[in-house]
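This is the structure I want to talk about, given as structure tokens.
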Amino acid sequence: MKITRREMLMTGAAALGSSLVVPSATAAGTEKPAPAPGMPGRDYTPVITPNGVSLPFKIVEGVKVFHLIAEEVWHEFAPGLSAWCWGYNGRVHGPTLEAVEGDQIRIYVTNRLKAATSIHWHGILLPNGMDGVGGLTQPVIQPGETFMYEYEVMQHGTFMYHSHHDEMTQMALGMMGMVVFHPRNPVRRVDRDYAIMLSEWRIDPGTSRPNPNEMSDFNVLTMNARCYPGTEALVAELGDRVRIRMGNLSAMDHHPIHFHGHNLTITATDGGPLPTSAQWTETSVLVPVGSTRDAEFIADRPGDWALHCHMTHHVMNQMGHDFPNMTGVDAARLNKEVRPLLPAYMTMGHDGMAEHGTHIGAGHMKVPENSIPMVGADGPFDYITMGGMFTIVKIREKLADNNDPGWYEHPEGTIASVATAEALKRDGITV
Amino acid sequence: MRMTRIIPLVFLVFVFSGCATVPRDAGLSDVLRDIETRSGFEAHYQPNWFAGEADSIIVKQLQTLLADTLTMDKAVQAALLNNRRLQATFASLGVARADLLQAGLFRNPVFGTHLGYPTEEDHAPDIELSLSFNFLDFFHAPLKKAVAASSFEEAKLRVTSEVLALTGEVMQAYFDVEVAAQLFELTGQVALSAKGSFEAARLLRDAGNLRAIDMYTEQSFYEQARIDLARAQMDIMNSREHLNQLLGLWGPDVAWETSGRLPAILDELPMMEMFEKQAVTASIDLALANQQTETLARRLGVVNATRLLPELSVGIGATREGSWEVGPEFGFPVPLFDQGQARKAGAVAVLQQEQANYYALGIEVRAASRMARAHLTTAHQTALQYRDVVVPLRNQISAEAQTLMNAMQIGVFQLIDARRQEIQAGKMYIESLRDYWRAYTNYQLLLQGKLPQGGVEMPVSATDMMPETSSGGH
């Protein structure tokens, strides 16, 4: 919904009357009264977490109460690839925590794992005992226990939460989520607000559990714990101001997130908003491990625009690195030599990786169970040879709703296609 | 006189009675019947084969056996008809028969004469005539014939034993031919996989994607595999020639073909409750040792009977020195110094020795039967394990490797390697089948009465099974 904050304040104030201000329990007159908990729609436009949800809450005596349940989840990365991961509330990654600056929030954390855990509120200013570092600031949450975190939201921006006990294991299995604190009096508005958590995993084809011991050879790269073709598209209408909040809790890799057709302006980090003079613009936003970046753009070109990490191996699924270099090898001869021995053998990789996905998609070859091709999905023109940390931003003149509008219908003459003989002749191109 | 008529009659009776107990066919029919009862196969003796008078029925039978695919039973039957050494063995029965015959024959009387022409006087020459024979032969002959009869029985048992040994040898040789053929096929597959790896390496090198050292490494595996294949081919030839030898074949007859596959293994071994007892009862070696003690006992009887008076020469002599003188002659060694005590002691000692050997052999036969049974059980389980678990697992691994290859997780070299290991598992299965059939044949032979050649193989001990030391064979 596109409702301006100003409108809401004006219509809401009269309706709610004095409930905007709740007197504090401390000495009257000396303290500023605590603001009422921020409500979606009225005080903020909720962020959209593609492939995800926001964490629901209830108000109890002026406190915003959340409940996170840490548990094992059977999670689908993309159709055909699922695994046993660790997440929150039946989801991987956990639901996005949203609140408004000034809210008093209370988060109950129930541990349904077989291992102890804790939750750290990444980038958030709070009392030391609520920081969530297991062993240092609190006892760890034992299996079966429910802890209570409580603090006042004293900032606004994009943050993250994640396990801070046995992080190598628990974060590698998915225990993280986005945190968005909205400003109480926003000065800027955006028309679309998206939150994406970047992460990386090691899942060998034929297995169904990520390997948390992996340090350098990750083979599943995800946005909100989904890999292309499992990533949900982001949508915008022509002229929208779009904000994409990106957090990176990958174990070992930074990600330069590249956007096609538009420039991205970094407007905030997890340290807070950047003054306009300090904002910088680029086409690829580097999101270091343990950081968040808010990037904004005006959606002034319609079409299906790719948004992806620009590390070439990060836009592939489950790539194997024990494969010899088959580029340029005479595949027909090799097939002839090997087939008497192995009738089902088919040389691959001799002209690159592109055909691999089509062969598997068409069912020509048997692959290990619970694995997906390294690249892609059928696109409107050809097979799209992308995977991993890749999604599409779909900008249209008019959107009926917030759902995926299908493929872009290009205006005549704007698609790169086979050059006609006349054009070649006219421009003197010899082929 | 009446005496002169009676003595020749008694003489003739003894002579003819001796002949009646020597079988005309030299006991061959007994032997052949025994062989058929024990092994189920028919043997034949063709004494005139060398003279060019081969039994045409047997010749035709042999041609029928060699006509179509040679099975194990056909091979054994052909060997029993055509193996020349076996025919030599049957001929030895004739030798034993001759010994028996000889034992029943009295020694010929000795005729002697002396003519003395006078050199100083002039008168008719002196003449001496004598005719003597060994009187005690009449009484000793039955005892000596008894000894010879027992020896003859020994000979028959020896022949039976050799025939059974031959059947066992033919069966083993037949399995070796089948195994060599199957192993050659699988070794060929290994060479094919090595070739595939090498060709892949060569194509990668051509595209500029592989180091020379890696290509040469693959090539060296391939060339080694070709050597292995040549060896496997030689094994086929060796095993075929061995079988040809045993079947007595040459010329165009060596072109026989087997099925190329070992017979299927039984899923369950038949339980033989009293196999140890059966092995002892049927054992030819034990029967032979028993017969040898019998021979020695009878020989002791002869020694006892001839201790004091081994010989007595009785005869008639006539001399003419002017006038004729005729009279009987007697002669015998006087037992003054040698009363046969040494001969008796020797015969007793030899008998005791043979008796001890007999009991020792009995224990060996029992142990051999238990070992053969255990070896068979183990070999059977091993072969089943290969067939039902190891080989199917390797098939599974190859299939999984293909899926990983399709997902581009492993390359062509690893895929071919998985296939090669699958083939190796197949080879080990064939080897285990050979072990099984060998153990089965030995066990069968044991129950038919023959201890296996070279004894029963000791089962492999646990320490020998450690992967580092095993060499994938025996």
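Owing to the predicted nature of the structure, the values given are computational and were not obtained by experimental measurement. Chain naming here is simple, since letters A, B, ... match the order of the sequence lines and numbering starts at 1 in each. These values consider heavy atoms only, across backbone and side chains, with no hydrogens, waters or symmetry-generated copies.
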Task: Listed partners of B:Ser432 passing side chain to side chain contact (heavy atoms under 4.5 Å, CB included), at least two apart - done: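 Partners of B:Ser432 under the side chain to side chain contact (heavy atoms under 4.5 Å, CB included) test: B:Thr382, B:Ala383, B:Tyr386, B:Tyr429.
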Task: Sequence neighbours excluded - salt bridge (charged side-chain N to carboxylate O under 4.0 Å, His left out) pairs with any residue from residues 249-259 of chain B - done: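 For residues 249-259 of chain B: none.
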TODO: Check whether more than 12 heavy atoms from other residues, nucleotides or ligands sit under 6.0 Å from atom CZ of B:Phe184, and answer yes or no.
DONE: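 Counting neighbours around CZ of B:Phe184, more than 12 heavy atoms of other residues, nucleotides or ligands fall under 6.0 Å, so yes.
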Task: Proximal component of A:Met374, with respect to chain B [non-hydrogen, under 4.5 Å] - done: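 The side chain, not the backbone.
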- [ ] Check B:Ala407 against A:Pro368 and note the closest heavy-atom contact, atom names and distance.
- [x]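 Looks like CB-CD, 3.8 Å.
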Give me a line-by-line list of donor-acceptor atom pairs from chain B to chain A that are under 3.5 Å apart, or tell me none exist.
from: B:Lys195; atom 1: NZ; to: A:Glu337; atom 2: OE1; distance (Å): 3.3
from: B:Asn209; atom 1: ND2; to: A:Asn325; atom 2: O; distance (Å): 2.7
from: B:Asn209; atom 1: ND2; to: A:Thr327; atom 2: O; distance (Å): 2.7
from: B:Asn406; atom 1: O; to: A:His356; atom 2: ND1; distance (Å): 3.4
from: B:Asn406; atom 1: ND2; to: A:Lys366; atom 2: O; distance (Å): 2.6
from: B:Gln409; atom 1: NE2; to: A:Gln318; atom 2: O; distance (Å): 2.6
from: B:Arg419; atom 1: NE; to: A:Leu341; atom 2: O; distance (Å): 2.9

Open item on the list: For chain B, which candidate among A:Leu342, A:Val338, A:Ile372, A:Leu334 shows the most heavy-atom pairs at distances under 4.5 Å?
Closed with: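 With the most close heavy-atom pairs to chain B, the winner is A:Leu342.
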Task: Contact class of B:Ile410 relative to chain A, heavy atoms under 4.5 angstrom - done: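 For B:Ile410, the contact with chain A is made by the backbone alone.
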- [ ] May I ask you to check whether over 12 heavy atoms, not counting those of A:Met168, lie within 6.0 Å of atom CE?
- [x]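 Count over threshold, so yes.
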- [ ] Quick one: list whatever passes salt bridge (charged side-chain N to carboxylate O under 4.0 Å, His left out) with B:Glu223, sequence neighbours left out.
- [x]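 Applying salt bridge (charged side-chain N to carboxylate O under 4.0 Å, His left out) to B:Glu223 gives B:Arg226.
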Task: Other residues, nucleotides, ligands: >12 heavy atoms within 6.0 Å of B:Tyr216 OH - done: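 No - once you tally the heavy atoms of other residues, nucleotides and ligands closer than 6.0 Å, there are 12 at most.
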